[in-house]
Amino acid sequence: MTNSLRIGRLLAIFLAAFAVFWTASSAFAIEPIKIARDDIALDLSGAVEIYRNQGENFQVSTAPGPDGIVRRIEVEANDTRSGGDWAVFALANTTEQQLDRLIVAPHFRLVNSGLFWPDLGSSRIVAITPSEGFSLDRQPSPDADVFLVTLNPGAVVTFIAELSSPKLPQVYLWDPVSYKDSVNSYTLFRGIIIGIAGLLALFLTILFVVKGTSMFPATAALSWAVLAYICVDFGFLNKIMSISPGSEQIWRAGTEVSLAATLVVFLFAYLNLNRWHGHFSYGALAWILGLVLIAGVAVVDPAVASGVARLSFAATAISGIGLIVLLGIRGYDRAIMLIPSWVMVLIWLCGSWMAVTGLLDNDVVQPALGGGLILIILLIGFTVMQHAFAGGALHQGLFSDLERQALAVAGSGDIVWDWDVLRDRVVTRPDVSLQLGLPSNTLGGPARNWLPVLHSDDRDTFRTTLDVVLEHRRGRVAQNFRLRGADGHYHWFALRARPVVGSDGEVIRCVGTLLDITEQKKAEERLLHDAVHDNLTGLPNRELFMNRLEAVLSIAKTEDNIRPTVFVIDIDRFKHVNDGLGISAGDTILLTIARRLHRLLKPKDSLSRFAGDQFALMLLSEQDPARIAAVADAIKQAIGSPITFAKREIVLTASVGLITWTPAQASADDMVKDAELAMLQAKRFGGDRIEPFRPAFRSVGTDRLQLESDLRRAVERKEFTLAYQPIVRLEDRSVAGFEALLRWEHPRRGMIPPADFIPVAESCGLIVQLGLFAMERAAEDLAYWQKQIGDAPLSVSVNLSSRQLIRRDLVSDVRSVIARANLKARCFRLELTESLVMDNPEQSAHVLNKLKQLGIGLSLDDFGTGYSSLSYLTRFPFDTIKIDKSFLDDSSPKRDVLLRSMVNMAHELGMSVVAEGISDESDALQLRQMGCEYVQSFMFGTPINGDAVLKLLKEQYPLAQT
């Protein structure tokens, strides 16, 4: 009895332990996926349990079978690719029929592949062992691991998958027929996409052959990169070439790197960022070289290369936004046309980011993104085709025009300058490189090749001019610049070109002529040099000397160690030398004296020739009075030394006046004037002496000196006014304009005639201030009259002096006067006498042409009284001539013939005629019959002040006031 109890107790304990074990095993058993007959495709990814680093032998509990029993099975790895990772899942056939299904694990899945170290795909499952029966049969498939499984009715089978990769992105259970249909559908879609991509790549390559600018090869390269990426992504590459297992990652990473690199090249080439800005070129080159190095890394670590390529693609797309916005705001058409394509790039980039990070989890995402790349290439292809075929009709018409002008250009000797903007290629015919002594075609190719040869002062202007033409798509290139030759010397060239705009509104060419103007520039430089230097000795003239002295005095006011001394030197009785030996001998002697005086100079000193036999010296190198006296003696001895000429010895003497600067001297004019007074005093004492300036000399001056002094004070006190003499139309006797005449009302001497004070003003340099005053006042008065009576067809003429004509600032002064008065340029005129123009015809023509470019009128006064040749008349841009009154006063029978000839000649040259000094009505009628348009004389109106002019104009234009 006791033994029976013991056996019963042991049995109870065993049953309790078995119950506990059964309950525990059931709790940790795998939950099977139930399969119905109508299930076509089931995603098993969420039901798969992954066990990592389990070694070659793996034990696991099965799902409870139909009898509810949980079993324990052990599986052994049978492949060297196994890394000790296992996947477990269970399937339950709930039907009464046997079911055949395919377990599919894709090698690569873009969704949730990762951004920085992405999963680029590989074989996922080596083998699958069921809890009952034999291992599953692998089905042939290049893109996925496919296993066929047969489930008996009511069976519950646990499957243990031996993994060859630590990741198992997706596992599907497919109906075999449905899987085949799905594969066929995707194959058809992928085939269409690959076909379109191939055609696009081929077409864009052909387009590159036809139009060889950098934009088209960059686009073709991008299309080929997209084709390569799609072939790898769609598994097409396996069908055309043998790829060893495991190398798919290298190919995938390589195509992603090529896609990122070609996108950088396309953006750079399409927007033409390298035209002038070299740092863009260097940045893009460094970027591409970095991607090339990453492509090499793909062989060792494809995941790193792919991650960098994806980041580069995103960075390029984001950088492209900034460049397109910036250039689009500036009106760059290429940037604006790229906007639709770049919007597609950004949308594709956003979709790709959501896919690789797992935000979009759908099997359609990956092929859809491949199709999106094709849409992007299509848009880009249409965009570049607009550039390829735009402007063709214009080209045909343009070149026919050039053919008609070819002989004219060749005959002129100019160089044809042709810039193909799309290709960024400059061609010159004949080659300007050879003219500069450089190797052939040195300046051919991109426009930036010109920058190193250009003078540093001309580079920015050249670059900016071409940029403005490209941005505004109109205008013209008109620029002078210097090019450095092989010998290091610079040659001046004048470029005159116009842009050629295609039908898309973008500049496609810039064509013009290039002319070597080196000799012309040298002539201009000589003219400018001669304007401020003496033609005989080459020394600075009075104006340049005064300018330098004024600059030194401004420094002397703040620097104690600068005390200039001015010497004025006049050769005694030099007129006798000219009279006795001739002017040629006199010039030779003056050159000898100039050389002797120049030897006395030290680096800080300056020598000038004031007039015929008068020199001036500014001494800065000596401050001590004794040393200054020694220099004065050296000057006297240098001039007094005998000069041998024509076997004769000529001994000259000089009167020297000098003054050392003190703060009492207000200006350079005062200092030179005092030195001249000292020189004149030396002459009064018989010459051949040195006379320092003393204040008492100022009371010994002549009336001319007093008049000059009064003239300076008059300028300061604004004692000058203008009187206006009407210029009348002979046709209807209406006022056409006025000549402004300068008037000086002296406070003690009354009205001083212009013939008295104008020569004094010219000699002392005040004529420039008086002329500027006359121009400003006349322009302001005319603007005021027009404001009062309306925009009447009136003009005002101002006389120009010789001092004003040789000034460099004359053109800018006239421009400033017109602008400040808000006056139309055609209403403002300048009058010059014939003798004034012919004093220096080359300089006069240069200045007058620049004045004419401002749009003002130019009148030639006192026509016929000078000594000029009529051939010079065609060289000056005058639009009006004024016949001197001496021709009208002539009573000879030939007067009418002469007048008629002058009027006809003026009209043939496109000029109008003003007759001066008419005193008889019959003369006026006769001139009208000859065709003379205007008259100016006391008979038709005396000079009047501004108020009287306004009253006269209001009477002539009564309706304009309302």
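Ring orientation note: the planes of Phe738 and Tyr724 are nearly perpendicular, at an angle over 60° on the 30°/60° scale. Phe493 and His491 have tilted rings, their planes meeting at an angle from 30° to 60° on a 0 to 90° scale.
Between atom CH2 of residue Trp450 and atom CG of residue Leu495 there is a gap of 7.5 Å, rounded to the nearest 0.5 Å. Taken from CG in Leu851 to NE2 in His846, the straight-line distance is 10.0 Å, to the nearest 0.5 Å.
Applying the 6.0 Å contact sphere to NZ of Lys683 captures more than 12 heavy atoms from other residues, nucleotides or ligands. Within a 6.0 Å radius of CD1 in Ile583, no more than 12 heavy atoms belonging to other residues, nucleotides or ligands are found. Around the NE2 atom of His746, the shell of radius 6.0 Å holds more than 12 heavy atoms that belong to other residues, nucleotides or ligands. For Lys824, the NZ atom is loosely surrounded, since the number of other residues' heavy atoms within 6.0 Å does not exceed 12. Within a 6.0 Å sphere centred on NE2 of His533, other residues, nucleotides and ligands contribute more than 12 heavy atoms. Within a 6.0 Å sphere centred on CZ of Arg829, other residues, nucleotides and ligands contribute more than 12 heavy atoms. Counted within 6.0 Å of CG on Asp633, heavy atoms from surrounding residues, nucleotides or ligands total more than 12; the atom is thus considered enclosed.
For Arg743 and Glu745, the salt-bridge test fails: no basic side-chain N is under 4.0 Å from an acidic carboxylate O.
Taking the six-membered ring for Trp, Phe545 and Phe610 have ring centres closer than 6.0 Å. Aromatic pair Phe481/Tyr490: ring centres not closer than 6.0 Å.
With hydrogens and angles left out, the side-chain atoms of Ser655 and Asp570 include no donor and acceptor closer than 3.5 Å. Asn799 and Glu739 share a side-chain donor-acceptor pair at under 3.5 Å. Glu719 and Trp744 share a side-chain donor-acceptor pair at under 3.5 Å. Side-chain atoms of Thr537 and Asp534 form a donor-acceptor pair, as typed in the model, at a separation below 3.5 Å. For the residue pair Thr644/Arg648, the side-chain donor-acceptor check at 3.5 Å is not satisfied. With 3.5 Å as the limit, one finds a donor-acceptor pair spanning the side chains of Ser709 and Arg713. At a cut-off of 3.5 Å, with distance as the only test, no side-chain donor of Asn547 or Arg542 sits close to an acceptor on the other residue. Thr518 and Asp516 form a side-chain donor-acceptor contact under 3.5 Å, judged by distance and modelled atom types alone.
A donor-acceptor pair is defined here as one N or O able to donate and one able to accept, closer than 3.5 Å; no such pair exists between the side chain of Ser859 and the backbone of Asp861.
Applying the side-chain contact (heavy atoms from CB on, under 4.5 Å) test between Val577 and each of Leu590, Ile643, Ile589, Asp613 identifies Ile589 as the sole match. Shown are Thr565, Val566, Val568; of these, the side-chain contact (heavy atoms from CB on, under 4.5 Å) with Ile659 is made only by Val566.
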